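Notes to accompany the following structure.
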There are 2 protein chains.
Amino acid sequence: MEHRIDRIKKQLHAQSYKLTPQREATVRVLLEREEDHLSAEDVYLLVKEIAPEIGLATVYRTLELLSELKIVDKINFGDGVSRYDLRKEGAKHSHHHLVCSECGSVEEIEEDLLEEVEKIVQNEWGFQVKDHRLTFHGVCKQCQTITVSASS
Amino acid sequence: MEHRIDRIKKQLHAQSYKLTPQREATVRVLLEREEDHLSAEDVYLLVKEIAPEIGLATVYRTLELLSELKIVDKINFGDGVSRYDLRKEGAKHSHHHLVCSECGSVEEIEEDLLEEVEKIVQNEWGFQVKDHRLTFHGVCKQCQTITVSASS
DNA sequence: ATATTATATTATAATTATTTTAAATATAAT
DNA sequence: ATTATATTTAAAATAATTATAATATAATAT
């Protein structure tokens with residue numbers, strides 16, 4: 001954990017931003033809940049536990065900043081809120097998501113499945129791809145089994 | 001145009017919804033501006049031109065309804081607003097988008113480039129894919145040429 | 001050390017986007 | 001005609017995000 005905080009600190013410094021206590025607390029929450037897809041409000045409530053004096057606007061600003069620096073990805077699954085998803089160290093792209101329409105769970109795919117597709121987009125549309133957002137909507141493994149056993 | 005309105009009317013009737021004048025006006029705007037990616041507010045302003053008495057809430061409700069029936073896709077490019085994108089007739093999936101970070105333009109790819117990827121997701125993750133959202137962020141053809149000529 | 005400047009944060013208010021409510025109107029069914 | 005159902009309107013409510021002004025913190029120059 002400390003190692004990653006340190007790396008993020010360096011990334012901030014490289015753009016002459018500081019890792020203030022509030023920013024550090026926010027990053028810690030994101031690291032602790034790496035598997036989750038927290039909204040700004042979610043992050044705010046969790047950060048308040050370790051830094052009770054923080055303001056919601058600061059959390060928004062921090063997330064926005066981390067987003068610009070590509071430390072987190074701002075994603076949107078179609079409910080009204082933006083969610084913030086920490087990138088793996090050194091990852092060039094936002095990872096993919098599997099959203100289950102039955103139970104609402106969100107799985108992550110870290111493997112980049114779009115390399116071939118991006119080549120096609122690059123060559124056939126002349127579009128220079130920098131990043132992507134890919135989300136699949138459907139039914140997760142878990143919910144498929146439930147449905148099957150329920151219907152028998 | 002009339003043909004497509006008729007089809008949509010049937011789709012609504014199939015779920016026992018009616019194509020009211022307000023809904024028809026909204027659909028007409030979406031058909032006319034099929035290439036665009038309008039926000040609810042955008043749609044509202046355009047619908048007002050042909051049906052001035054319509055309310056914003058009705059537009060929201062209509063878009064939500066069309067969205068449920070998979071006649072339009074509600075998409076989100078990371079600015080704060082939802083945008084509504086008419087599906088091609090008979091299309092099973094939301095089409096792909098190319099968002100240019102230089103000029104903000106949005107191109108569409110109607111071809112489904114994800115068939116192979118979906119097979120992998122299905123087989124290796126056991127996730128039953130129903131739909132997808134794929135957006136590429138990068139630099140469009142147009143802006144690439146501008147950048148090249150400007151830097152020479 | 002101290003004054004000066006720049007940057008960041010807080011609390012609150014304001015803004016924007018969207019949804020809900022309640023009353024009125026229209027449509028369809030009996 | 002009467003009743004039930006669906007839809008719209010306008011207003012109010014809610015949710016998400018951003019702006020503002022005051023304060024605090026840190027960085028630099030004196």
Side-chain angles (χ1 to χ4, degrees), chain A residues 8-29 37-69 71-85, chain B residues 8-29 37-69 71-85:
Chain A
I8 289 169
K9 188 174 186 173
K10 288 204 180 83
Q11 284 178 266
L12 284 165
H13 285 166
Q15 313 279 323
S16 58
Y17 292 112
K18 309 170 212 169
L19 185 68
T20 63
Q22 292 87 343
R23 286 175 184 169
E24 184 174 332
T26 305
V27 169
R28 277 183 193 279
V29 163
H37 299 84
L38 305 170
S39 68
E41 185 80 29
D42 294 338
V43 174
Y44 171 65
L45 293 172
L46 290 165
V47 175
K48 266 191 106 69
E49 291 175 11
I50 55 176
E53 74 296 334
I54 203 169
L56 178 56
T58 302
V59 172
Y60 268 103
R61 258 181 322 234
T62 301
L63 291 171
E64 197 55 42
L65 177 62
L66 295 173
S67 196
E68 268 164 39
L69 300 183
I71 293 165
V72 305
D73 289 305
K74 190 176 178 179
I75 52 178
N76 200 297
F77 294 139
D79 53 353
V81 287
S82 297
R83 296 176 180 281
Y84 298 85
D85 198 16
Chain B
I8 289 169
K9 189 172 184 173
K10 288 205 181 82
Q11 284 178 268
L12 284 166
H13 285 166
Q15 313 280 321
S16 57
Y17 293 112
K18 306 169 213 171
L19 186 67
T20 64
Q22 293 87 339
R23 286 176 184 168
E24 183 174 334
T26 305
V27 169
R28 278 184 192 279
V29 163
H37 299 84
L38 305 170
S39 68
E41 185 81 30
D42 294 338
V43 174
Y44 171 65
L45 293 172
L46 291 165
V47 175
K48 266 190 106 67
E49 290 175 12
I50 53 178
E53 74 296 340
I54 202 170
L56 178 56
T58 302
V59 172
Y60 269 104
R61 255 181 323 235
T62 301
L63 292 171
E64 197 55 41
L65 176 61
L66 294 174
S67 195
E68 267 164 41
L69 300 182
I71 292 166
V72 304
D73 289 304
K74 191 175 179 179
I75 53 179
N76 199 298
F77 294 139
D79 53 351
V81 288
S82 296
R83 297 176 179 281
Y84 298 86
D85 198 16

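Protein chains get the first letters and strands the later ones, always in sequence-line order, with residue 1 at the start of each. Bear in mind the structure is a predicted one, so any value in this text is a computation, not a measurement.
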* Asked: Can you tell me how far OG of B:Ser39 sits from CG of B:Leu63, rounded to the nearest 0.5 angstrom?
  ->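 Atom-to-atom, B:Leu63:CG and B:Ser39:OG are 9.5 Å apart.
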* **Distance, nearest 0.5 Å, that separates OH of A:Tyr84 from CG of A:Leu38** =>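 Between A:Tyr84 OH and A:Leu38 CG, I get 11.0 Å after rounding to 0.5 Å.
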Between atom [atom1] in [X] and atom [atom2] in [N], what is the gap in whole Å?
X	N	atom1	atom2	answer
B:Glu64	C:dT18	CD	P	10 Å
A:Arg83	D:dT17	CZ	P	10 Å
A:Tyr44	C:dT9	OH	P	15 Å
A:Leu12	D:dA27	CG	P	14 Å
A:Asn76	C:dA17	CG	C1'	13 Å
B:Glu53	D:dT7	CD	C1'	13 Å
B:Leu45	C:dT16	CG	P	14 Å
B:Leu19	C:dA26	CG	C1'	15 Å

* Asked: Contact class for A:Leu56 (heavy atom, under 4.0 Å): base, sugar-phosphate, or nothing?
  ->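 Base contact - A:Leu56 has a heavy atom under 4.0 Å of at least one base atom.
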* When all nucleic acid strands are considered with a 4.0 Å heavy-atom cut-off, which category describes A:Thr58: base, sugar-phosphate, or nothing? ->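 Touches a base.
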* Asked: Are A:Glu24 and A:Lys9 within salt-bridge range, i.e. N to O under 4.0 Å?
  ->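 Judged by the 4.0 Å cut-off on N to carboxylate O distance, A:Glu24 and A:Lys9 do not form a salt bridge.
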Under 4.0 angstrom between [X] side-chain N/O and [N] OP1 or OP2:
X	N	value
A:Thr20	C:dT9	yes
B:Tyr60	C:dT19	no
A:Arg23	C:dA8	yes
B:Ser39	C:dA17	no

* Taking for each residue the nucleotide of DNA chain C with the nearest heavy atom, is it A:Gln22 or B:Tyr84 whose nucleotide lies nearer the 5' end? ->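 It is A:Gln22 whose nearest nucleotide is closer to the 5' end.
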* Asked: Whom does C:dA29 pair with, Watson-Crick or G-U wobble, provided both distances fall under 3.5 Å?
  ->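 For C:dA29, the partner nucleotide comes out as D:dT2, under the 3.5 Å rule.
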* Find the partner of D:dA29: check Watson-Crick (N1-N3 plus N6-O4 or O6-N4) and G-U wobble (N1-O2, O6-N3) distances, both under 3.5 Å, and reply none if neither fits. =>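 Checking every strand shown, D:dA29 finds its partner in C:dT2, with both distances under 3.5 Å.
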* Would you check if A:Ile71 and A:Gln11 make a side-chain contact, meaning some heavy-atom pair closer than 4.5 Å? =>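 Answer yes - side chains close enough.
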Out of [options], which has the shortest distance to the side chain of [X]?
X	options	result
B:Tyr17	C:dT18, D:dA16, D:dT7	D:dT7
B:Val81	C:dA28, C:dT9, C:dA17	C:dA17
B:Lys18	C:dT9, C:dA28, D:dT17	C:dA28
A:Ser82	D:dT8, D:dT20, D:dT17	D:dT17
A:Ala57	C:dA11, C:dT18, C:dT9	C:dA11

* Could you tell me which non-hydrogen atom of B:Leu12 sits nearest to which non-hydrogen atom of B:Lys18, and how far apart they are? =>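 That closest heavy-atom pairing would be CD1-O, 4.1 Å.
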* Check the side chains of A:Thr58 and A:Arg61 for a donor-acceptor pair under 3.5 angstrom, ignoring hydrogens and angles. =>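 Yes, because at least one side-chain N or O of A:Arg61 sits under 3.5 Å from a partner of the opposite role on A:Thr58.
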